[in-house]
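A short write-up of the structure that comes next.
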There are 2 protein chains.
Amino acid sequence: MGIKERKELEKQEMRKLILDTAMKLFLEKGLENVTIRHIAEKIEYSPATIYLYFKDKDDIIYTLHREGFEQLYKLQQTTLSIRDPLERLRKQGEVYVSFAMENPEYYDLMFIMRGPVRKIKEMKIKEMKEWDIGSRSFEFLRQNIKECMEAGLFPEADLDVAAFSVWAYAHGIVSLIIRDRCMMFPEDKIRHIVDEALDFMFGTMFDDKVKIKL
Amino acid sequence: MGIKERKELEKQEMRKLILDTAMKLFLEKGLENVTIRHIAEKIEYSPATIYLYFKDKDDIIYTLHREGFEQLYKLQQTTLSIRDPLERLRKQGEVYVSFAMENPEYYDLMFIMRGPVRKIKEMKIKEMKEWDIGSRSFEFLRQNIKECMEAGLFPEADLDVAAFSVWAYAHGIVSLIIRDRCMMFPEDKIRHIVDEALDFMFGTMFDDKVKIKL
DNA sequence: AGATTTAACTGAACATTGTTAACTTAATTA
DNA sequence: TAATTAAGTTAACAATGTTCAGTTAAATCT
């Protein structure tokens, strides 16, 4: 009965081919400018074939969205080697921002575009089990902040609020840049401002040396 | 020679009709789901007519984008009555977040969608004079922060970095909500978290009472 | 006032998009 | 070998933004 498995494997390979091609095109031409037909042309199949492997375009985008979260989660995990929770939190911030800056299309998919969320909501009606993969990453951040609080390294506050705030800050930085709202800064200074902004957050939030001089 | 003027007036009225209708549809159906044809149908003209008043769809969106910035700028100005620059800054934050939460489609247009930026860049090639309207609002924030710094109420840092950081933080909060990335929180708790997050920022940044207890 | 130019508007088309249904062909099973 | 299943394509659909040739209606000129 090896045939069933081979078929399954081929199916998976085709899915992967479609996904990889889609992602490559997204990187080349930008998220907005990739069509099913482009993908089909690139892999030299007819457009209709793609619909044998994915329900619709949002399904492709959603799957890439999941892959992005896998990647991000793995990156987040690399900070686990750091003992000091505050230092770990800072590293997490850096990792998050780097990921966004190096993979803006992935980031857009994951945190800005509407498509994936549509799909998630559509799915949640049927299968409640498949609870969205993003909350895992958020939980990780939340846990880290909890540790910081417990160690007295972080202002006491509602944990949800604190975690959301830190996330929002990092998201604000990268999403303003990804969606090109920083035209007031010279192109070559942007990366510097991003890094400084991260420092600024940690500085004002936790570092007494940078605190207000009275 | 009153005819030329009447014609000009009618032209402006038609533009306004199109813009208002477009905005109304955006509010009703969401930004993504409004087409030129919908707008045309609503005002009972043919689709082609719209192209007599606007170059293309991005042009409509860009014009609404400008109107949004007018509105926001006016709101910002209302904070000028506040003497204490730090308090004024806080109020500015509140105003910004309220604007976003009450006019999510406008906010999306102004700070998330790609269309308007495309238009701005396209225009900047020809006419350098029309420098983008958003920087005026940013300048306002910047100035406010500068005053805070001079009064010793704000951590000393590169002014650009500080202003960008504060903006990014507020933007992060509202854009995560507008683009529906907060599914982990119960619907009815979201507004509360938003408000708390704003407090959290100001608390950690400036308020010693909320500072780390050693 | 009548002829002519100008402005406002439309109908029909174009190319592109996502998506689907009927069909063909190749592979697997009986 | 015949029947069934899977994989893929072709051709079409409706919806989108956009354009262009034409048609009225208004304004201007003589």
Side-chain angles (χ1 to χ4, degrees), chain A residues 1-19 21-22 25-26 28-65 109 113-119 122, chain B residues 1-19 21-22 25-26 28-65 109 113-119 122:
Chain A
M1 249 272 178
I3 267 175
K4 264 270 167 66
E5 286 149 27
R6 200 199 65 207
K7 285 276 163 156
E8 182 55 30
L9 216 86
E10 273 170 13
K11 190 140 196 161
Q12 287 310 316
E13 270 169 22
M14 185 65 162
R15 272 179 69 92
K16 190 157 164 28
L17 178 62
I18 293 170
L19 288 173
T21 309
L25 287 175
F26 283 150
E28 266 175 40
K29 312 179 146 204
L31 285 170
E32 330 251 70
N33 311 312
V34 177
T35 71
I36 297 283
R37 283 177 163 86
H38 289 155
I39 300 170
E41 196 181 8
K42 199 85 167 186
I43 63 176
E44 296 184 297
Y45 281 85
S46 100
T49 303
I50 292 183
Y51 288 86
L52 301 174
Y53 297 89
F54 293 93
K55 187 175 163 290
D56 52 25
K57 201 186 180 187
D58 274 356
D59 195 20
I60 296 177
I61 288 170
Y62 168 70
T63 310
L64 289 171
H65 165 272
L109 227 53
M113 276 191 69
R114 285 232 150 88
V117 175
R118 264 200 303 271
K119 204 81 207 169
E122 182 185 303
Chain B
M1 245 282 171
I3 267 176
K4 262 267 167 67
E5 286 148 27
R6 200 198 67 207
K7 284 277 161 151
E8 182 54 31
L9 216 86
E10 273 170 13
K11 189 141 199 162
Q12 287 310 316
E13 270 168 23
M14 185 64 162
R15 273 180 69 92
K16 190 156 165 30
L17 178 62
I18 293 170
L19 288 173
T21 310
L25 287 175
F26 284 150
E28 266 175 40
K29 313 179 147 204
L31 285 169
E32 331 252 69
N33 310 313
V34 177
T35 72
I36 297 282
R37 282 177 163 87
H38 290 155
I39 301 171
E41 197 182 6
K42 199 86 170 184
I43 63 177
E44 298 185 296
Y45 281 85
S46 100
T49 303
I50 292 183
Y51 287 86
L52 300 175
Y53 297 88
F54 293 93
K55 190 176 161 288
D56 51 26
K57 199 186 181 187
D58 274 355
D59 196 19
I60 296 177
I61 289 170
Y62 167 71
T63 309
L64 289 171
H65 164 272
L109 225 55
M113 276 191 69
R114 286 233 150 87
V117 175
R118 262 200 303 272
K119 205 80 207 170
E122 182 185 302

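Chain letters run A, B, ... following the sequence lines, proteins first, then strands; residues in each count from 1.
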**Message:** Can you confirm whether Ile36(A) sits close enough to Ile60(A) that some side-chain heavy atom of one is under 4.5 Å from a side-chain heavy atom of the other?
**Reply:**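 SC-SC contact between Ile36(A) and Ile60(A) confirmed.
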
**Item:** Heavy-atom side-chain contact between Lys42(A) and Arg37(A) under 4.5 Å
**Value:**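 SC-SC contact between Lys42(A) and Arg37(A) ruled out.
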
Quickly work out the [X] [atom1] to [N] [atom2] distance and round it to whole Å.
| X | N | atom1 | atom2 | answer |
| --- | --- | --- | --- | --- |
| Leu52(A) | dA26(C) | CG | P | 17 Å |
| Tyr45(B) | dA7(C) | OH | C1' | 13 Å |
| Glu32(B) | dA15(D) | CD | P | 19 Å |
| Ile39(B) | dA15(D) | CD1 | P | 17 Å |
| Met14(A) | dT9(D) | CE | C1' | 12 Å |
| Glu10(B) | dA25(D) | CD | C1' | 13 Å |
| Ile50(A) | dG8(D) | CD1 | P | 12 Å |
| Asp59(B) | dT19(D) | CG | P | 12 Å |

**Message:** Under a 4.0 Å threshold between the charged nitrogen and the carboxylate oxygen, would Lys119(B) count as salt-bridged to Glu122(B)?
**Reply:**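 Counted as a salt bridge, because a side-chain N and a carboxylate O are separated by less than 4.0 Å.
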
Does atom [atom1] of [X] have more than 12 heavy-atom neighbours from other groups under 6.0 Å away?
| X | atom1 | result |
| --- | --- | --- |
| Gln12(A) | CD | yes |
| Glu41(B) | CD | no |
| Glu10(B) | CD | yes |

Ignoring hydrogens and geometry, is there a side-chain-to-backbone donor-acceptor pair from [X] to [Y] under 3.5 Å?
| X | Y | value |
| --- | --- | --- |
| Thr21(B) | Leu17(B) | yes |
| Arg118(B) | Asp58(B) | no |
| Thr49(B) | Tyr45(B) | no |

**Message:** Output one letter per nucleotide in nucleotides 11-20 of chain C: B when a protein non-hydrogen atom lies under 4.0 Å from the base, S when only the sugar-phosphate is that close, - when neither is.
**Reply:** B-B---BBBB

**Request:** Describe, as an angle rounded to 10 degrees, how the axis at the first end of the helix from dA1(C)-dT30(D) to dA30(C)-dT1(D) is tilted relative to the axis at the last end, five pairs per end.
**Result:**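 The angle, to the nearest 10 degrees, is 20°.
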
**Sugar-phosphate, base or nothing in reach of Tyr53(B), heavy atoms under 4.0 Å** =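 Tyr53(B): backbone/sugar contact only, no base atoms under 4.0 Å.
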
